[in-house]
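Here is the structure we will look at, set down as structure tokens.
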Number of protein chains: 2
Amino acid sequence: MNFSSKLLEDAVAEFSKLPGVGQKTALRLVLHLLNQDVQDVDRFSKAISKLRNEIQFCQVCLNISDHPVCQICASPKRDHSLICVVEDTRDVMAIENTNQYNGVYHVLGGLISPMDGIGPSDLEVDSLVERLKTNEVQEVIFALSATMEGDTTLFYLHKRLKNYNITISTIARGIAFGGELEYVDEITLGRSIATRVPYINSLSK
Amino acid sequence: MNFSSKLLEDAVAEFSKLPGVGQKTALRLVLHLLNQDVQDVDRFSKAISKLRNEIQFCQVCLNISDHPVCQICASPKRDHSLICVVEDTRDVMAIENTNQYNGVYHVLGGLISPMDGIGPSDLEVDSLVERLKTNEVQEVIFALSATMEGDTTLFYLHKRLKNYNITISTIARGIAFGGELEYVDEITLGRSIATRVPYINSLSK
């Protein structure tokens, strides 16, 4: 592209580095910002810089937090005997949005992925093991993506944790609620038959 | 969404204001920035703030520029008797990328759009008329989008400019090069028959 301005070119180049943002989209976003008030753009720019410079991670669960210990870990209303292991903060938010979970979390910060050069030592595994050494924890639930990386991580973590006297579980896999059988992929459908569960009429409870 | 951090929430809120960026995309972009080095994020944030605070517009053609007069308007190699009128800087870049145009530009800064409350006084029309008062200009080419707003702007500008002793033209409309007839919309195809041109074999020239 022929930029008429170096400042414009620099801003577009920075936006283009974001995932899923090409040069045309970057230009559209930058021209949008140019049309905004100076104080609005300054607020945008400061929010990003402040986030990166001042962000903290909870000392217990390693989730993103404004305080040394996050709200969930600090709450006496949560069940601290139950730890849900997730990949990142997005998964914590997704589970919190269900309003179905009352335990605490442990954020690994990624999944084992040899292709991307991410091994167990890059994840927060030791800190998880440390948490299990207190007698408080009774169950660890793995809520990892049903991908190759998620399964590899699950396999590794199970090996690391199986000698501790705790229940280890994973979130259920199968066809999604509202899912029509004919559109479900073969692996999911095959596995959901193999791992069938006794019928419980939840409406009659 | 349940954010575990106010800083994170603020940054996501700022990103969500960008056109075409929803809350989920904003979160993905913000978490990407959180994983970058502090100096990379500072460069990102500064590029935006610097752009907005230091950007200039060419005094002649009103295109985005780092100098009081842009490179195109300052160039003695360009044909200053030919002005191409466009909506914004993206159109200048698109035309420059064709390498087919050697004249200069005039950036209107928008198109007349009563629905969005944009009238002729919001556009750089008077500055265009001023440029025509010098005897240098011989032709004005309108390169505006083939939309309702573009046509309205074209109609208005033609009325304003027709009493000056200059040629007024618009870029050609018709089926695109490489376009197959059966996929061309009816209006374009109908108009391209009505406005047919004498056949010139450009290969034999």
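By convention in this document, chain letters (A, B, ...) are assigned in the order of the sequence lines, proteins followed by strands, and residues within each chain are numbered from 1.
Put simply, the side chain of B:R43 reaches to within 4.5 Å of the side chain of A:K17, judged on heavy atoms. Looking at heavy atoms from C-beta onward, B:D42 lies out of side-chain contact with A:R52 at the 4.5 angstrom threshold. Looking at heavy atoms from C-beta onward, B:R90 lies in side-chain contact with A:R28 at the 4.5 angstrom threshold. Between A:D10 and B:K50, every side-chain heavy-atom pair lies at or beyond the 4.5 Å cut-off. At a threshold of 4.5 Å between non-hydrogen side-chain atoms, the residues B:S4 and A:Q71 do not count as touching. Annotation: side chain of A:F44 is in contact with side chain of B:L18 (closest heavy-atom distance under 4.5 Å).
For A:L51, the parts sitting under 4.5 Å from any heavy atom of chain B are the backbone and the side chain alike. If you measure heavy-atom distances from A:L31 to chain B, the contacts under 4.5 Å come from the side chain alone. Contact annotation for A:Q36: only backbone heavy atoms (N, CA, C, O) come within less than 4.5 Å of a heavy atom of chain B. Contacts between A:K24 and chain B at a heavy-atom distance below 4.5 Å are absent for every atom of the residue. With a threshold of 4.5 angstrom between heavy atoms, A:N97 approaches chain B through its backbone and through its side chain. Only the side chain of A:T89 comes within contact range of chain B, judged by heavy atoms closer than 4.5 Å.
Among A:P19, A:S65, A:C58, A:A47, the residue with the largest count of heavy-atom pairs under 4.5 Å with chain B is A:P19. Note on A:D37, A:V41, A:N63: by heavy-atom pairs under 4.5 Å with chain B, the leading option is A:V41.
Smallest separation of non-hydrogen atoms from B:D66 and A:K6: OD2-N, 2.6 Å. Taking both residues in full, the closest heavy atoms of A:D40 and B:E14 are given as O-OE1, 4.2 Å, listed atom of the first, atom of the second, then distance.
The aromatic rings of B:F15 and A:F15 stand perpendicular to each other, their planes meeting at an angle above 60°, with 30° marking the opposite boundary.
Within 6.0 Å of the CZ atom in A:R160, the count of heavy atoms belonging to other residues, nucleotides or ligands exceeds 12. Atom CD of B:E186 sits in a sparse spot, with 12 or fewer heavy atoms from other residues, nucleotides or ligands closer than 6.0 Å. Annotation for B:D185: atom CG counts as buried by contact number, over 12 foreign heavy atoms lying within 6.0 Å.
Under the side-chain contact (heavy atoms from CB on, under 4.5 Å) rule, B:L34 has a single partner from A:I48, A:I55, A:D88, which is A:I55.
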